[in-house]
Each structure stands twice: as structure tokens, then as C-alpha cells.
Number of protein chains: 2
Amino acid sequence: MKVTTREARSVNPIARQSLPDAIAVELRERILNGEFKDGDPIVQEAIAEEYEVSRMPVREALRQLEGQGLVALKTHKGAIVTSMKKEKVSELFDLRALLECDILARALPHFGPSDAAAAQDFLNQLEGAYQRRDTAEWGKLNWQFHRSLYLPANRPETLSVLEGINIQVERFIRVQLVMTGAVAAAEREHRDLLSLCTERNPTAVDYLRKHILDAAKLPSSISA
Amino acid sequence: MKVTTREARSVNPIARQSLPDAIAVELRERILNGEFKDGDPIVQEAIAEEYEVSRMPVREALRQLEGQGLVALKTHKGAIVTSMKKEKVSELFDLRALLECDILARALPHFGPSDAAAAQDFLNQLEGAYQRRDTAEWGKLNWQFHRSLYLPANRPETLSVLEGINIQVERFIRVQLVMTGAVAAAEREHRDLLSLCTERNPTAVDYLRKHILDAAKLPSSISA
DNA sequence: CTACTGTAGATTGGATCCAGTTGGCCTGTC
DNA sequence: GACAGGCCAACTGGATCCAATCTACAGTAG
């Protein structure tokens with residue numbers, strides 16, 4: 001029911017993200033990479049100097065990361081990277097299973113050929129990233145692939161919540177990627193999952209649940 | 001090991017919240033109240049002047065509210081209050097049902113007398129707020145009560161997600177409070193729910209689901 | 001030797017200042 | 001009279017400056 005919204009998304013909105021957004025992306029990447037670990041403090045001035053900006057955009061970036069649960073801000077004490085204990089990881093994967101199964105069940109009846117094509121596209125890129133051992137790219141694409149399966153459900157709020165959860169989970173997944181050989185299995189599962197979705201087979205939901213919960217229990221914890 | 005550390009955790013850490021936090025709380029309240037409605041712009045300078053502070057803490061407060069999904073920030077265009085369409089409300093209540101039922105099921109086996117007492121306390125306050133027609137307080141206490149039922153599950157991440165959802169839903173609930181007489185029913189349901197939890201009756205979960213989904217479908221939308 | 005205290009350096013919090021963008025209004029021209 | 005283009009006010013984005021707070025260390029008293 002699109003009504004020709006103005007939406008100047010013609011070609012490229014020139015990608016004009018503000019400095020705080022850009023810095024937030026940068027810092028998030030470094031946290032997900034593991035460059036900043038558990039209790040590490042993130043000093044405003046150090047970051048500001050590093051990117052040759054003032055401390056202000058850094059402060060706003062940290063606020064954003066706080067909202068995403070990646071850092072904790074204490075007044076007059078600065079930002080420290082939040083912990084990633086195994087109970088937390090376990091709970092986050094449980095949440096993923098609960099929410100992603102629910103939304104997939106809602107998406108299945110509306111899953112069409114164009115959706116399948118989009119998902120397949122991500123799947124191909126995913127394989128490429130795996131072969132290049134590009135963990136950062138793999139993590140992003142993994143979520144993009146999953147997301148593409150859920151898009152037909154037309155549930156923006158659920159997707160938004162899931163996006164937040166996946167950002168956190170990514171810190172864990174990246175470690176998995178280098179630690180285990182389970183990724184090949186994941187790729188196969190992804191293909192199977194897409195097949196089931198394409199034929200709108202309701203067992204896709206159960207398959208997805210298993211896929212998510214299996215991924216949760218490989219290593220014991222991201223950090224000692 | 002230091003034993004004689006100051007240990008200022010005695011009773012009250014003086015609750016020192018920073019200016020951005022305080023302003024965020026204030027603005028959130030005004031958005032939930034409906035003082036700022038759907039597409040309303042929130043001008044940094046106006047807010048800053050109003051609270052007699054500079055624009056900077058306001059900017060950080062707006063970042064926080066953005067993270068909670070209450071406002072949308074566009075570069076060089078400022079902040080506008082996010083919309084609250086009925087599909088969104090409906091989806092948020094579905095999410096509540098899904099997540100709160102799951103967490104309640106996990107909490108029930110650990111639900112003890114002290115938990116019941118805490119919940120009962122919130123219930124009493126809730127009734128008082130209702131009689132005073134204090135919608136702001138009622139909304140907060142409603143969540144506090146629900147939360148107290150879920151605490152024994154020991155699932156901080158799920159609670160965190162639910163907290164975010166409930167903040168958004170509160171905008172809707174407050175309108176309900178003045179528009180419908182369904183609150184008395186909600187109070188009765190709360191008492192029944194607490195009884196079921198106290199005796200660890202598994203049907204509490206189904207009762208909760210009905211309680212949440214019923215609340216969702218009273219008015220059609222918060223704003224035209 | 002231990003425990004408290006005061007001071008200095010580092011770091012964050014907040015205010016003020018300047019630059020860049022947006023959007024509306026106004027004028028000039030066809 | 002209508003439309004294009006430029007100008008101006010309002011607002012946001014970012015930088016710099018000052019104040020408040022925390023931490024660590026050293027000095028001193030018991």
C-alpha cells in the first residue's frame with residue numbers, strides 16, 4: 001500500500017551520516033572485533049584525538065553505543081565496554097530463538113519468489129565472506145540473510161528488537177568463527193532453511209530454532 | 001584485599017543522575033503524557049532555555065530518547081516524535097505477550113513468598129494511583145508490578161528488552177486510562193494473576209497472555 | 001608500619017562560540 | 001501573475017573553553 005512518499009532515495013542519499021553516527025559505527029566495529037574487550041575503558045579524548053575530531057561527537061557516539069548495550073556510562077567515570085558472560089550469551093540466543101521463530105512463522109505465508117531471490121543473494125555473499133575469512137562481513141551478512149527471511153512478515157518493531165540483539169550476539173559469533181569449524185554446517189543449514197522457506201514449509205520454524213540454539217552452545221564463553 | 005573500602009553502597013547512592021539523564025526523563029515524561037505528539041519537532045534551543053541549561057545536555061538526552069525509539073533524529077533537521085500507529089501498537093503488544101509469557105513461565109518455579117510480597121506492594125500502590133487518577137504513576141507501577149513477577153526468572157536481557165517495549169507502550173496505555181473503564185478489570189486481573197503466581201500455577205502464563213492481548217485491543221489508535 | 005588526608009593530574013560534564021545547513025520569504029524578471 | 005533565484009533567519013553540528021569530579025600518590029600523624 002505504498003503511497004508514493006517523497007523519500008528522495010532516488011540513487012544515493014549521499015550517505016550523509018553525522019560524525020557521531022560515523023564514530024559510533026567505527027567504535028562498534030572495534031568492540032565487535034574484540035579490540036576493546038570486556039571491562040576496557042573508552043576514553044573520550046583518546047578516541048577524539050585518534051579520529052581528529054573534538055570530544056563532543058565522541059560523547060554522542062558513546063550515548064548511542066550505550067543504547068545498544070555495548071558500553072556502560074557512569075557519570076564522571078566514563079564508558080566501559082559491557083561484559084559478555086556466558087549466561088548473557090545464552091539468554092540472548094534464547095531470545096533470538098523465541099523472536100525469530102515467531103516472526104518467521106508470520107513471514108512464511110507471505111514468502112514469495114522475490115524474497116527468495118534476495119535471501120539467495122545474501123547467501124552467496126555469505127559464502128564468499130566465509131571463504132575470505134572475513135569475519136566482520138560474515139557477521140553482518142549472517143544477520144542480513146536472517147533478516148531477509150523475516151521481511152515478508154512486515155513486523156518492523158520485532159525486527160528492530162532483533163537487530164539490537166544481533167548486534168550484541170555478533171561479538172560472540174565472531175569469536176566462534178575463528179574458533180570452530182561449525183560455520184560450514186551453518187552455511188548448509190542456511191541453504192536448507194531457505195529451501196524450506198521457499199516452499200513455505202512450516203517445519204522451517206523448527207529448523208530455524210534448532211539452527212539458532214545449536215549456534216549458542218559451541219564455545220563456553222567469549223572471554224574467560 | 002582491601003576490606004575497609006569506603007563502601008558507599010550503604011543505603012542510597014544519592015541517586016546522582018547527570019543532566020542529560022534528568023532531561024531525558026523529563027522529555028520522556030512529556031512525550032508519554034502526550035504533550036509532544038506524533039510528528040512534533042523537539043527544538044534543542046527551546047528545551048535548553050526552558051530548563052535553563054545549554055543545548056549540549058539536551059542533545060545527549062535526545063540521543064537517549066532516540067535509542068528508546070521515542071524520537072527520530074535527522075541530521076541538520078532536528079528531532080521529531082516518532083509515530084504511534086495502531087499497527088505498531090498491536091505489534092508491540094504481541095511482542096509483550098510473547099516475551100512476558102516466556103519469562104513468566106521461567107519465573108514461576110522460583111516464585112517465592114518474598115516475590116509475592118513485593119508484587120503485592122506494587123499492586124497496592126497501583127490501586128492508589130488509579131484512585132487518584134494519576135496516569136503517569138499508574139503506567140510506571142503497572143510495569144513495576146509485571147516486572148516484579150518476572151524477576152525470579154533471573155533474565156536481565158529479556159527484562160531489558162521488555163523495559164524498552166513497555167516505555168513505548170506506555171504512550172498508548174495512558175490514553176487508554178482516560179478513555180476507557182477497563183482499568184478496573186485490569187486491577188482485578190492483576191490480583192488474580194498474582195494469586196496464580198503465588199501458588200505457582202502454570203495457567204498463570206495463559207492468564208497473562210490474555211491479560212496483555214485484551215489490553216491491546218481497546219481503542220483503535222492513539223492518534224488519528 | 002599503618003591509616004588518614006590533602007593535593008595534583010587526568011578525565012568527564014557543561015557552557016559558550018563559530019560554522020554549515022535548511023527552509024521560508026522576498027524580490028526581480030519574463 | 002507566476003516562477004526562479006538569492007537572501008536571511010532559525011536551527012543544528014562541531015570545536016573550544018571552563019568547572020566539577022574522580023584517582024592515585026605522597027606526606028604526615030598516630
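Just so it is clear, the model here is predicted, and its values are computed rather than measured. Below, read A as the first sequence line, B as the second, and so on, with proteins coming before strands; counting in each chain starts at 1. The analysis underlying the following values was restricted to heavy atoms, covering all of them including side chains, and did not include hydrogens, waters or symmetry mates.
Using a 4.0 Å cut-off between a side-chain N of Lys or Arg and a carboxylate O of Asp or Glu, B/E91 and A/R106 do not qualify as a salt bridge. Between A/E66 and A/R63 a salt bridge is recorded (basic side-chain N to carboxylate O distance below 4.0 Å).
The neighbour count for B/E49 CD, taken as heavy atoms of other residues, nucleotides or ligands under 6.0 Å away, does not exceed 12.
Nearest to the side-chain atoms of B/H76 among the listed nucleotides C/dT12, D/dT21, C/dG20 stands C/dG20. Looking at the side chain of B/V43, the nearest of the listed nucleotides D/dG13, D/dG14, D/dT12 is D/dT12. Closest approach to the B/E45 side chain among D/dT12, C/dT12, C/dT22 is made by D/dT12 (side chain taken as heavy atoms from C-beta onward). Closest to the side chain of B/K77, out of C/dG13, D/dG13, C/dG23, is C/dG23.
Annotation: cation-pi geometry satisfied between A/R133 and A/Y130 (NZ/CZ under 6.0 angstrom from ring centroid, within 45° of ring axis). A/R174 forms no cation-pi arrangement with A/F172, by the criterion of a distance under 6.0 Å to the ring centre and an angle within 45° of the ring axis.
In this structure, OH of B/Y51 is placed 21 Å from P of C/dG13, rounded to the nearest angstrom. When rounded to the nearest whole Å, the span between CD of B/Q44 and P of C/dT22 equals 15 Å. Residue B/I80 contributes atom CD1, which lies 15 Å from atom C1' of D/dT12 at whole-angstrom precision. The CD-C1' distance, from B/E60 to C/dG13, rounds to 8 Å in whole Å. The distance from atom CG of B/L62 to atom C1' of D/dG13 is 13 Å, rounded to the nearest whole Å. The distance from atom CZ of B/R63 to atom P of D/dG13 is 7 Å, rounded to the nearest whole Å. Taking atom CD of residue B/Q64 and atom P of nucleotide C/dG13, one finds them 11 Å apart after rounding to whole Å.
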What nitrogen or oxygen pairs link the protein and nucleotides 15-19 of chain D at under 3.5 Å?
unit_1 : atom_1 : unit_2 : atom_2 : d
D/dA15 : OP2    : A/S54  : N      : 3.0
D/dA15 : OP2    : A/S54  : OG     : 2.8

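In this structure, the side chains of B/I212 and B/L208 come closer than 4.5 Å at one or more pairs of heavy atoms.
Within the 4.0 angstrom heavy-atom criterion, no nucleotide atom of any strand lies near A/I23.
Under the side chain to side chain contact (heavy atoms under 4.5 Å, CB included) rule, A/L141 has a single partner from A/N124, A/L126, A/D134, A/L123, which is A/L126.
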